[in-house]
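Below is one structure, written out as structure tokens, with a few remarks after it.
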Amino acid sequence: MSKICSLSMFVLILLVALSLPECLMGQRGVATRDLWCVAKNNAADQVLQEAIDWACGAGGANCGPIQQGGACYDSNDIQRTASWAFNDYYLKNGLTDDACYFSNTAALTSLNPSFDKCKFPSSLSVNNGSISASTGTIQMGTDTADLSSSNRAGGTWFLPLFTSFVFTWLIHWH
């Protein structure tokens, strides 16, 4: 009976491990959708300006496009200006949460902040640490989580788990 219990436990663990939904298995460190680092809309203008100054200076962001005459220059919208600087820094510094912090004035979004002739490169446009020349992106529409794999719960992981429990119950009680 002990060998049967061990075998059924092994089968249970194996079935659960092999049938985990894709969303729980990890993404191998690859961004699966476009992300941009943008200024939070509730950030104070003075704090945003200090963050822009740092990002464009010591941070090494390419701030040419937000200078006068650049495609992203908008002297009336510090949020857009900060978003460009934050996003460029984020893309050049590992796509990490820390690279999109800026004293808690920035956040990641899947909403493309591009406007007019100002095209923001996204997380998917980064190749081996450099931003590709093409800034074409996949349009996401509204900012919603991709729950497409959740409708497969019954067939992906629940059914094998349920079957394993029934199998174990039959062995132990019959």
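In this text the structure is predicted, and so the values were computed from the model without any measurement.
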Item to complete: Can you see which heavy atom on Ala82 is nearest to which on Leu48, and at what distance?
Response: CB-CD2, 4.0 Å
Worksheet item: Nearest heavy-atom pair of Gln79 and Ala43: which atoms, and what distance?
Response: NE2-O, 4.2 Å
Response to the item:
Across all chains, not counting sequence neighbours, the side chain to side chain contact (heavy atoms under 4.5 Å, CB included) partners of Asn104 are Lys40, Tyr101
Practice prompt. Under the side chain to side chain contact (heavy atoms under 4.5 Å, CB included) rule, collect the residues that match up with Ser75, sequence neighbours excluded.
Written response: Tyr73
Fill in: Pairs involving residues 75-85, ordered by first then second residue, that meet salt bridge (Lys or Arg N to Asp or Glu O under 4.0 Å) (sequence neighbours left out)
Asp74-Arg80, Asp77-Arg80
Show me, pair by pair, the donor-acceptor contacts under 3.5 angstrom made by side chains of residues 51-70, not counting sequence neighbours?
from  : atom 1 : to    : atom 2 : distance (Å)
Asp53 : OD1    : Gln49 : NE2    : 2.9
Asn62 : OD1    : Gly64 : N      : 3.1
Gln67 : NE2    : Cys63 : O      : 3.3

Item to complete: To the nearest 0.5 Å, tell me how far Leu35 CG sits from Asn112 CG.
Response: 11.0 Å
Worksheet item: Rounded to the nearest 0.5 Å, how far does CG of Asp34 lie from OG of Ser110?
Response: 8.5 Å
Discussion item. Could you work out, with ring pair (Phe, Tyr, Trp, His ring centres under 6.0 Å) as the rule, every residue matching Phe102, not counting sequence neighbours?
Written reply: Phe86, Tyr89
Practice prompt. Identify, with sequence neighbours excluded, every residue that meets side chain to side chain donor-acceptor pair (under 3.5 Å) alongside Thr105.
Written response: none
Practice prompt. Please check if any side-chain donor atom of Asp98 sits under 3.5 Å from a side-chain acceptor atom of Thr96, or the reverse.
Written response: no
Please confirm whether the backbone N or O of [Y] pairs with a side-chain atom of [X], one donor and one acceptor, at under 3.5 Å?
X: Asn87; Y: Pro121; answer: yes
X: Trp36; Y: Leu108; answer: no
X: Ser83; Y: Ala39; answer: yes

Item to complete: Evaluate the side-chain proximity of Ser122 to Phe120: yes if any heavy-atom separation is below 4.5 Å, no if none is.
Response: no
Practice prompt. Mind jotting down which residue pairs meet the disulfide (SG to SG under 2.5 Å) criterion with at least one end in residues 84-117? Sequence neighbours excluded, please.
Written response: Cys37-Cys100
